[in-house]
Each structure stands twice: as C-alpha cells, then as structure tokens.
2 protein chains.
Amino acid sequence: MLNEAINLDSSPGAGGEPERRVRDRGATERAILAAAKGLLAEEGFQNFGINAVARRAGCDKQLIYRYYGGLDGLVEAIGADLGTWVRDRIPEDAGGMFLLTYGDLMERLALLLLDALRNDPLMRRILAWEVSENTEQVRRLSEARSKALALWLDRMRGSLAPPKGVDAAAVNAVVIAAIQHLVLAGSAGGQCAGLSLKTSKDWEKAATALKRLVRGVYG
Amino acid sequence: MLNEAINLDSSPGAGGEPERRVRDRGATERAILAAAKGLLAEEGFQNFGINAVARRAGCDKQLIYRYYGGLDGLVEAIGADLGTWVRDRIPEDAGGMFLLTYGDLMERLALLLLDALRNDPLMRRILAWEVSENTEQVRRLSEARSKALALWLDRMRGSLAPPKGVDAAAVNAVVIAAIQHLVLAGSAGGQCAGLSLKTSKDWEKAATALKRLVRGVYG
DNA sequence: CCCGCTATTCACCGATTGGTGACAGCGGGG
DNA sequence: CCCCGCTGTCACCAATCGGTGAATAGCGGG
C-alpha cells in the first residue's frame with residue numbers, strides 16, 4: 001500500500017522529520033490561528049483564504065470550517081486576539097508619567113504609535129485591508145482594531161485633559177491618520193508624497209515633522 | 001439554429017437593445033480603457049482582472065491582450081491617463097493668486113487636495129492599491145499618480161518659497177499623508193480613529209483640524 | 001465584385017478558489 | 001471487550017482565473 005510506504009518514511013526509525021502530529025484539537029486550533037495571523041502579516045490580505053491558511057497550518061481546510069466556522073470566524077478570532085496588542089504595548093510606567101502638558105503627551109503618543117505600527121506588520125496589513133474593502137469581515141476586524149487602539153490611547157493618556165478651544169478629537173484623528181498613512185506608504189512603497197521612507201534617517205525626518213505639527217497645535 | 005434565434009432577437013426589427021457594435025479599433029480601445037477605469041473606481045483593485053474588464057467593456061479579453069499587451073499594459077495606460085488629472089483640476093487663475101504667506105498657500109492646498117480626493121473614486125482606489133500591494137504593476141501606477149500629484153502641487157504652489165527653519169518637504173508629506181488616509185478611511189469605513197467621517201459636518205471638523213495643524217507650523 | 005487584411009469572437013487549457021460529503025484511525029467509556 | 005465519537009484526511013464539486021490558438025466576420029482597396 002502507499003500508506004505503508006508513507007508510514008515507513010515517517011516511522012520513528014527514519015529521520016523522523018515529519019514529526020507525526022498528535023491528535024490535539026487545542027494545538028491544532030492554535031496552529032490554525034497562528035498560521036492565519038502569520039499569513040496575513042507576511043502576505044497581506046490579497047491571497048488570504050481558506051486554502052492558503054490550511055496549507056500554512058499544515059492541516060486540512062475542513063478543520064478550519066469545523067473549529068472556526070469558516071474564514072469569517074477565523075478573522076473574528078484574529079480580531080479578538082488583537083486585545084493582547086494593548087497588553088503587550090503598555091509600558092509598566094504607563095499613564096501621565098512626568099509629562100506636564102497635553103502637548104508633551106500627544107507628541108510622545110504620536111511617536112510611540114509611529115514606532116509601534118512600524119514594527120507591527122499584522123496591524124499594518126489589517127489597516128491596509130480596512131481602507132481597501134468594506135465587507136462585513138473587514139468591518140468586524142476594523143472594529144476590533146479600532147477598539148484596541150482607543151483602549152491603548154486611553155491607557156496611555158491617563159487623565160490629562162485637552163486644552164479648551166481646540167477640537168482635540170478631530171486634531172488627534174488627523175494626526176493618527178497621518179501616522180497610519182506614513183507607515184502604510186513607507187512599508188509598501190518606501191515613500192510618501194515625494195518623501196523617502198526607507199532609512200531610519202528618513203523616518204527621523206518624518207518624526208520631526210510630525211512633532212512640529214503636534215507642537216504647533218498643542219504648544 | 002440557436003444563432004438564428006439570437007440574430008432574430010438582435011435584428012433591427014426587434015428592440016435593438018444589443019446595439020450592434022461597429023468595427024472600430026479606436027473606439028474599442030477607448031471602451032476598454034474606460035471599462036478598466038470605471039471598474040477600478042467602482043469595484044476596487046480586488047476583483048480587477050482581465051476577465052472583469054473584458055466583461056464590462058463588452059468585448060473579448062483577447063482584445064485587451066492585442067491592444068494593450070495584457071493587464072500590465074492596460075494599467076500603464078490608466079497611469080498615463082492620470083496626466084489629465086492635473087489638467088482637469090487646475091483652476092484658470094492658478095498659481096499664487098493673492099495668497100501672501102506660505103501658510104495661506106498650504107492651507108488652501110490642503111483643503112483643495114482633500115476635496116479633490118474625496119470626489120475622485122479612481123484616485124482613491126489607486127491610493128488604496130498602492131498601500132496594499134507592491135507588485136511591479138502597482139509600482140508603475142503609483143509612480144504615475146505620484147508624478148501627477150507633484151505636478152499639481154507645483155502648478156498650484158507657484159514660486160512661493162517655504163519659510164526657513166522648517167523641513168517643508170517633510171511637513172507637507174505628513175500633511176498629505178493625513179489627507180490621504182482621512183479620505184481613504186472615510187470612504188471605506190466612514191470613520192478614522194474614532195472621528196466619524198460621513199456627513200459634510202464631519203468633514204468640516206476634519207478640515208478645521210487640518211487647517212489648525214498647517215497653521216500651527218506655517219503660521 | 002471579390003479578396004485580403006484585420007477586428008472580433010469562440011473554444012479550450014491548466015491552475016486555483018471556496019465548499020462539502022465520505023472515509024480513516026485513534027481513544028475513552030459503556 | 002467493543003463500539004461510538006472525535007480528530008484528521010482525502011476526493012471531489014462547480015466556478016473562476018489568466019492565457020492562447022484557431023476560427024469567424026466585416027470593411028476597404030484592387
């Protein structure tokens with residue numbers, strides 16, 4: 001039989017390379033989720049599908065249907081997983097620290113967010129997905145990401161109140177928009193509006209400009 | 001024969017709905033290009049392919065290969081077509097007008113770009129495509145769009161020099177990044193970083209914040 | 001008038017997609 | 001002990017994709 005030959009190859013006596021998988025639903029579920037996240041982070045949402053995930057997870061796609069109820073459920077699981085993003089990126093000494101003014105705070109937050117996004121391919125891919133499609137899938141994921149971001153900002157902001165006379169919510173949204181697009185454009189094309197975004201020197205320039213803009217509003 | 005029945009349906013005597021197409025290569029080429037631009041603008045780059053374009057253009061995909069050398073050439077043609085974008089969006093009384101300061105100019109430019117992008121679905125889709133993929137196709141298109149934008153800015157800016165002491169190129173890039181992401185996020189999800197971007201009132205808020213940021217830097 | 005050139009369509013290819021039903025094999029509870 | 005259930009695999013489906021070679025249909029010049 002063909003099966004015999006295969007079993008022979010993967011028998012303990014042989015190289016043992018295939019590492020016969022044990023029956024463990026939990027582990028398989030974790031492997032699938034990890035495969036999905038890794039695939040999305042590395043390849044983007046373009047070729048993100050049942051087949052690709054199953055291939056990367058090394059299991060049959062049927063299991064994705066069984067354990068997650070299809071791609072939708074899997075995407076939802078990724079979204080739920082974004083909650084950990086906040087936990088992982090809040091320094092112990094969070095909150096107001098010794099930042100006195102709202103301007104100090106927002107400048108710091110902007111730079112932190114810039115770096116955080118630059119080092120988080122999964123978040124970037126999700127962000128790009130959000131602005132490219134408007135399916136229910138993406139909407140759910142978008143909501144999870146948005147919520148995680150809001151929570152992060154809340155935790156980091158502490159209880160410092162914004163100055164009066166400025167629509168801080170709108171200004172901050174515009175600043176965040178700038179950060180997100182800079183990271184996306186830089187990551188995808190290496191530049192934005194003629195500004196190169198490759199070397200760390202390039203990014204310093206962008207960061208400086210960003211600081212100037214924030215400082216210009218919040219002093 | 002089946003053909004007979006079909007011919008009967010589309011014969012001059014009938015409704016004439018199919019509108020028998022005349023043999024005209026030029027017209028067909030234009031129809032294909034228009035179909036491609038329309039499809040990209042309306043459906044996005046996700047399902048943008050040879051088959052879809054041919055279906056929309058109402059001709060065989062073979063013609064796309066013959067006349068444009070495949071999707072790549074067609075995309076290139078779209079890129080070349082972006083040159084008209086500049087022509088169409090430069091007011092007769094372009095240039096410095098009666099804007100005295102660099103701040104006046106940049107504020108006006110920012111708001112104009114915001115509106116221009118909000119009303120240009122094709123440009124938005126291309127923008128979203130740029131930050132989502134990094135294939136040769138997209139790179140070419142991106143370059144064309146980038147060039148068009150730079151040209152537009154040049155024409156509008158006139159010969160007004162930026163103030164010393166600020167990295168105007170970097171600051172402007174960040175501002176443009178903000179505008180582009182606001183438009184993308186608003187168009188796709190109706191919000192950005194908690195700021196709703198649906199009603200014209202919402203957009204006024206965003207525009208005000210944008211103005212404040214520009215003014216904060218350029219005075 | 002007819003013939004040739006060219007615009008256009010048709011028919012097919014292999015690959016890949018999302019999705020489903022049937023089967024295999026191990027393991028624990030009766 | 002055997003049998004049922006759960007985990008995992010395989011084979012197959014229709015649809016669509018990009019791509020190509022050959023056949024068809026109509027206009028224009030001789």
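Chain identifiers are assigned alphabetically (A, B, ...) following the order of the sequence lines, protein sequences preceding nucleic acid strands; residue numbering begins at 1 within each chain. Only a predicted model underlies this, so the values are computations on that prediction, with no experimental measurement involved.
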Using a 4.0 Å cut-off on heavy atoms, which residues in residues 34-52 of chain A reach DNA chain C? List them by number, or say none. A:Gly49, A:Ile50, A:Asn51
My understanding is that only residues two or more places apart in sequence, or in another chain, count here; which of them pass salt bridge (Lys or Arg N to Asp or Glu O under 4.0 Å) with A:Asp60? none
Contacts of B:Phe45 that satisfy ring pair (Phe, Tyr, Trp, His ring centres under 6.0 Å) - sequence neighbours left out: B:Trp129
Salt-bridge present (B:Arg56, B:Glu43; N to O < 4.0 Å): no
Rounding to an integer number of Å, can you tell me how far B:Arg30 CZ sits from C:dA7 P? 14 Å
Under 4.0 Å between a side-chain N or O of B:Thr28 and OP1 or OP2 of C:dT8? yes
Partners meeting salt bridge (Lys or Arg N to Asp or Glu O under 4.0 Å) with B:Glu204 (sequence neighbours left out): none
Quick one: bend of the helix from C:dC1-D:dG30 to C:dG30-D:dC1 from 5 pairs per end, to 10°? 30°
Electrostatic pair A:Glu29:A:Arg66 at N-O distance under 4.0 angstrom: no
Counting only heavy atoms from other residues, nucleotides and ligands, does the tally under 6.0 Å from CG of A:Asp88 exceed 12? yes
If the condition is side chain to side chain donor-acceptor pair (under 3.5 Å), which residues does A:Gln46 pass it with, not counting sequence neighbours? B:Glu133
Side-chain donor/acceptor pairs under 3.5 Å, residues 179-189 of chain B, sequence neighbours excluded:
from: B:Gln180; atom 1: OE1; to: A:His181; atom 2: NE2; distance (Å): 2.8
from: B:His181; atom 1: NE2; to: A:Gln180; atom 2: OE1; distance (Å): 2.8
from: B:Ser187; atom 1: OG; to: B:Arg124; atom 2: NE; distance (Å): 3.2

Can you check nucleotides 26-30 of chain C for protein contacts, nitrogen or oxygen pairs under 3.5 Å, and list what you find?
none

Proximity to DNA chain C (any heavy atom under 4.0 Å), residues of residues 60-68 of chain B only: B:Asp60, B:Gln62, B:Leu63, B:Arg66, B:Tyr67
Can you list, by residue number, the residues of residues 132-139 of chain B that have a non-hydrogen atom closer than 4.0 angstrom to DNA chain D? none
Compile the donor-acceptor pairs under 3.5 Å between side chains in residues 34-41 of chain A and protein atoms, sequence neighbours left out, one pair per line.
from: A:Lys37; atom 1: NZ; to: A:Asp81; atom 2: OD2; distance (Å): 2.5

Decide, yes or no, whether a salt bridge links A:Arg157 with A:Asp154 under the criterion of side-chain N to carboxylate O below 4.0 Å. yes
Where do B:Leu141 and B:Val75 come nearest, in terms of heavy atoms and distance? CD1-O, 3.9 Å
Tell me which donor-acceptor pairs under 3.5 Å the side chains of residues 110-122 of chain A have, and how far apart each pair is, sequence neighbours excluded?
from: A:Asn119; atom 1: ND2; to: A:Asp115; atom 2: O; distance (Å): 3.1
from: A:Asp120; atom 1: OD1; to: A:Leu122; atom 2: N; distance (Å): 3.2
from: A:Asp120; atom 1: OD1; to: A:Met123; atom 2: N; distance (Å): 3.0
from: A:Asp120; atom 1: OD2; to: A:Trp85; atom 2: NE1; distance (Å): 2.6
from: A:Asp120; atom 1: OD2; to: A:Arg89; atom 2: NH2; distance (Å): 3.3

Could you check if a side-chain atom of A:Glu143 sits within less than 4.5 angstrom of a side-chain atom of A:Arg139, using non-hydrogen atoms only? no
Check whether the side chains of A:Gln191 and A:Ser196 place a donor and an acceptor atom closer than 3.5 Å, and report yes or no. no
Could you tell me which non-hydrogen atom of A:Pro162 sits nearest to which non-hydrogen atom of A:Ala168, and how far apart they are? CB-CB, 3.6 Å
Please report the distance, rounded to the nearest Å, between CZ in A:Arg55 and P in D:dT9. 15 Å
